[in-house]
Structures are given as C-alpha cells and as structure tokens.
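Start at 1 with the first residue, then count along the sequence.
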Amino acid sequence: MKLSITYAELQDYVASHFHKTVNLGYIDGATVSVSVPIKVLGFTKSISINLIVKKIEGTDLFLSYDGKMGIDLLVSPAISYAKKLVPEKAGWVEQMPGNIVKLRLGDIDKLQKVLEKVELKAIRFTPENIEAEIGLL
C-alpha cells in the first residue's frame with residue numbers, strides 16, 4: 001500500500017501546527033531539500049539542508065544530511081538543544097557518524113500502535129509528493 005502527501009500539504013501542516021515556515025523541494029527519489037527562512041541583521045536568509053533516506057531497519061529510519069553554509073555545524077547543536085528542550089523524547093533521535101541521523105519511529109507514542117500492524121518498507125520522493133510504501137503485518 002502507498003501513502004502520499006504533497007509538499008504543499010506538509011508545509012501547510014507545519015505552518016498551522018508549529019507556526020513555522022518550511023519549504024520542501026524535490027531533488028531525487030531519495031532526497032528532499034528542506035529550507036527555513038531566518039532573519040539575520042534585518043535580512044531574511046534561507047538555510048537549506050538536503051535529507052537523504054538511506055535505509056529503514058525495522059521501525060528505525062536512517063537519514064543522512066548535507067547542505068551549504070556549514071550546515072554540519074548546525075545539526076549537532078540543534079539536535080542537542082531539542083533533546084534538552086524535550087528530554088522525555090530525546091531517545092527518538094540519535095546522531096551517528098557520517099552525517100547520519102537515526103529516527104526511532106517505533107519509540108514515538110502515536111506511531112507505536114500503527115507500527116504494530118504495518119511495516120514501513122520505503123520512503124520515496126517525487127516532484128510533487130512524499131510517498132511511503134507500507135505493508136500489512
């Protein structure tokens with residue numbers, strides 16, 4: 001079974017629920033660009049990062065990232081800050097060597113019941129959508 005969401009739908013969801021502007025863009029089947037506008041000295045600059053789906057092992061999703069403007073130097077402190085901000089959720093994300101981030105989807109309360117019934121097989125990007133391939137268990 002395939003589930004899909006358009007980039008516009010996801011951007012709108014983030015804006016309405018988290019009050020943040022995020023722009024998503026297709027790069028290739030495994031890669032999506034995520035950019036966020038920030039204000040620096042009165043100017044608005046967009047910082048972007050490319051997220052690449054590397055693999056899925058059970059309920060763990062492995063993403064790698066790259067970007068310009070020293071993005072590597074920003075990711076680690078951002079993850080550490082988020083873990084301090086919400087310590088009870090800190091185990092969901094693990095930073096690994098080689099610009100890899102491991103997301104433990106099975107540890108997310110709202111996903112646990114779902115992942116007991118379905119298996120995430122793949123995540124792919126198209127020019128219009130993010131698609132997840134899911135199999136019933």
Checklist line | Full working for side chain to side chain contact (heavy atoms under 4.5 Å, CB included) between L61 and I56 | finding: CA-CA 5 Å; L61 174 62; I56 297 168; 3.7 Å; yes

Notebook entry, point to check: Applying the 4.5 Å side-chain criterion to the ILVMFWY set and letting contacts propagate, would V114 and L136 be lumped into a single cluster?
Noted result: yes

Item checked: Shortest non-hydrogen contact from E131 toward S4 -> CG-CB, 3.9 Å

Notebook entry, point to check: Do I100 and V93 sit in the same hydrophobic cluster, where Ile, Leu, Val, Met, Phe, Trp and Tyr count as joined when their side-chain heavy atoms come under 4.5 Å apart?
Noted result: no

Check: What is the distance from atom CD1 of I52 to atom CD1 of I27, rounded to the nearest 0.5 Å?
Finding: 9.0 Å

Next item on the list: Examine distances only and state if a side-chain atom of Y7 and a backbone atom of N129 form a donor-acceptor pair shorter than 3.5 Å.
Entry: yes

Notebook entry, point to check: How many angstroms lie between atom CD1 of I134 and atom NZ of K2, to the nearest 0.5 angstrom?
Noted result: 11.5 Å

Check: Taking side chain as C-beta onward, heavy atoms only, is K117 less than 4.5 Å from L137?
Finding: no

Check: OG1/T59 to CD1/I108 distance, rounded to the nearest 0.5 angstrom?
Finding: 9.5 Å

Note to self: Counting only heavy atoms from other residues, nucleotides and ligands, does the tally under 6.0 Å from NZ of K54 exceed 12?
What the structure shows: no

Margin query: Set out, in order, the CA-CA distance, both residues' side-chain angles and the distance that settles side chain to side chain contact (heavy atoms under 4.5 Å, CB included) for F125 and D28, then state yes or no.
Written below: CA-CA 7 Å; F125 304 105; D28 62 38; 5.8 Å; no

Next item on the list: Would you name the heavy atoms of W92 and D107 that are closest together and state the gap between them?
Entry: NE1-O, 2.9 Å

Checklist line | Inter-residue atom distance D66.CG - N50.CG, 0.5 Å rounding | finding: 4.5 Å

Item checked: Interatomic distance, L115 atom CG to L120 atom CG [nearest 0.5 angstrom] -> 7.5 Å

Check: Going through the checks in order, is the side chain to side chain contact (heavy atoms under 4.5 Å, CB included) test met by K39 and T44?
Finding: CA-CA 4 Å; K39 290 188 179 186; T44 300; 3.7 Å; yes

Item checked: From I38 atom CD1 to I47 atom CD1, the distance as rounded to the nearest 0.5 Å -> 3.5 Å

Checklist line | Under 3.5 Å: donor-acceptor pair, side chain of Q11, backbone of L24 | finding: yes

Check: Any chain of hydrophobic side-chain contacts (each under 4.5 Å) joining L51 to F62?
Finding: no

Next item on the list: Indicate the atoms forming the closest heavy-atom contact of G106 with Q112, along with that distance.
Entry: O-CG, 2.9 Å

